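Here the structure is laid out as C-alpha cells; the discussion comes afterwards.
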Amino acid sequence: MERRPLLAGNWTMHTTIAEAEALAVAIAQTAIPADRDVMLAPPFTALAAVGKVLAGSPVLLGAQNVCWEPKGAFTGEISPPMLRDAGCTLVIVGHSERRHIFAETDAMINQRVAGAIRHELVPLLCIGETLAEREAGLTFQVLERQLREGLKDIVLSGAGQLVVAYEPVWAIGTGRTATVDQAQEAHRFVRGVLLTMYEKNIATQIRILYGGSVNPDNVDALMAQDDVDGALVGGAALKAESFCRIINFK
Ligand code: 13P
C-alpha cells in the first residue's frame with residue numbers, strides 16, 4: 001500500500017488571528033489533489049479561527065505542541081481535549097525549537113506523544129541532529145535515541161496514529177536543505193528503527209516527513225525519494241503562493 005503524502009505547514013510564532021484566517025482562506029481555496037493530505041499548524045491563539053475556516057474543507061488542523069494532561073494546574077500549557085475542541089486532529093511534538101530553545105527532553109516529549117495518542121490526536125514526532133552531531137558522525141545515534149525515547153511504551157494499533165518528521169536542525173530556517181540523498185538516507189534509517197519497534201504492516205506505513213528549508217524549488221526532488229512521505233514546512237508555509245506550490249508537488 002502506498003503511503004499517502006502529507007504536506008504540513010508549521011507557522012511557528014507567526015500570524016495574528018486575522019493574518020492566520022486570511023492565509024487559511026487562501027490555502028483552503030486552492031485545489032488540492034485528492035491523493036494527499038494537507039495540514040496547517042497556526043499558533044494556539046489562531047487555532048479556533050483557522051478551525052472555523054477549515055471546517056468542511058479537506059485541510060487538516062494541527063497544533064504546535066500539547067500537554068499530556070487533560071486539565072489542571074499547568075500554566076502555559078494546552079491540553080489534548082482543548083486542541084480537539086478547536087478542531088485539531090494532529091499536533092507537532094518535539095520540534096527542534098522546543099528541544100533546543102525550551103529544553104524539552106526526550107522523556108517530556110514521550111509524555112506529550114502519549115497524551116496526544118490517548119486523546120486521539122496524531123502526534124508528528126520531530127527528530128533531527130544538530131550540525132555538530134552530524135559532523136561528529138552521530139546522526140544515526142541521535143535519531144535512534146530520539147525515536148526510541150520519544151516512542152517509549154507507545155503502543156500503536158495502526159500506522160495512522162503516528163507521523164515522524166525528520167528535521168535536521170542545521171537545515172531549519174537556514175536555506176540549507178539536506179540533499180535528497182541525505183534525506184533519503186536518514187528516512188531509510190528511521191524506517192529501519194521503526195521496523196524494530198512495531199509490526200511490519202505498521203512500521204512500513206508510518207509516514208516520515210522531511211523538514212528543513214523545503215521550498216517550491218526543492219519539494220519535487222525530495223518527494224521523489226522512496227522514504228520521504230511528506231514535508232514539514234516552516235518559512236515557505238507562511239505565503240499562500242509558495243505553500244500551494246508545495247502542496248501541488250509533482
Ligand atoms: P523552515 O522550512 O523554515 O526551514 O522550517 C522548518 C521547520 O522547522 C518546520 O517545522
Side-chain angles (χ1 to χ4, degrees), residues 5-15 19-20 23-24 27 37-44 46-47 50 59-66 83 88-104 109 112-113 116 121-131 133-134 139 142-143 146-147 150 162-180 182-183 186-187 190 207-223 225 228-249:
L6 169 60
L7 294 310
N10 174 13
W11 295 357
T12 67
M13 198 170 71
H14 290 94
T15 71
E19 287 164 351
L23 186 52
I27 292 163
D37 291 328
V38 175
M39 178 200 96
L40 306 181
F44 290 129
L47 281 174
V50 171
V59 180
L60 305 167
L61 185 67
Q64 297 177 19
N65 205 357
V66 66
L83 296 183
C88 293
T89 52
L90 299 114
V91 60
I92 297 167
V93 173
H95 191 278
S96 82
E97 288 144 20
R98 299 304 319 170
R99 294 176 188 268
H100 297 290
I101 304 173
F102 300 100
E104 290 198 11
I109 290 160
R112 296 189 191 279
V113 169
L121 284 165
V122 176
L124 266 81
L125 172 62
C126 300
I127 59 172
E129 80 288 359
T130 63
L131 186 60
E133 288 163 342
R134 176 163 281 266
T139 298
V142 169
L143 298 182
Q146 291 175 339
L147 277 174
L162 172 72
V163 175
V164 174
Y166 169 60
E167 296 205 302
V169 179
W170 47 272
I172 295 176
T174 57
R176 185 178 164 192
T177 322
T179 65
V180 291
Q182 285 172 326
H187 284 225
V190 168
R207 290 180 289 188
I208 306 172
L209 314 187
Y210 169 79
S213 298
V214 175
N215 63 43
D217 297 324
N218 59 27
V219 67
D220 297 342
L222 286 162
M223 291 302 297
Q225 302 305 304
V228 177
D229 306 318
L232 182 53
V233 187
L238 288 170
K239 291 257 178 329
E241 193 188 353
S242 53
F243 191 60
C244 289
R245 170 62 185 86
I246 290 168
I247 292 170
N248 284 282
F249 76 88

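Source: prediction; values computed, not measured. The first residue of the sequence shown is numbered 1, and numbering continues consecutively from there. Computed over heavy atoms, backbone and side chain alike; hydrogens, waters and symmetry mates excluded. Counting starts at 1 for both ligands and their atoms, in listed order.
- If you look at ligand 1, the protein residues with a non-hydrogen atom under 4.0 Å away are Asn10, His95, Glu167, Ala171, Ile172, Gly173, Gly212, Ser213, Leu232, Val233, Gly234, Gly235.
- A donor-acceptor pair under 3.5 Å is absent between the side-chain atoms of Thr177 and the main chain of Val214, judged by distance alone.
- Side-chain atoms of Asp229 never come within 3.5 Å of backbone atoms of Leu209 as a donor-acceptor pair (strictly under, hydrogens ignored).
- A donor-acceptor pair under 3.5 Å links the side-chain atoms of Arg99 to the main chain of Cys126, judged by distance alone.
- By the 4.0 Å N-to-carboxylate-O rule, Glu129 lies close enough to Arg134 to be salt-bridged with it.
- Between Asp217 and Arg245 there is no salt bridge, since no side-chain nitrogen of the basic residue lies less than 4.0 Å from a carboxylate oxygen of the acidic one.
- Atom CD of Glu133 sits about 12.5 Å away from atom CH2 of Trp170, to the nearest 0.5 Å.
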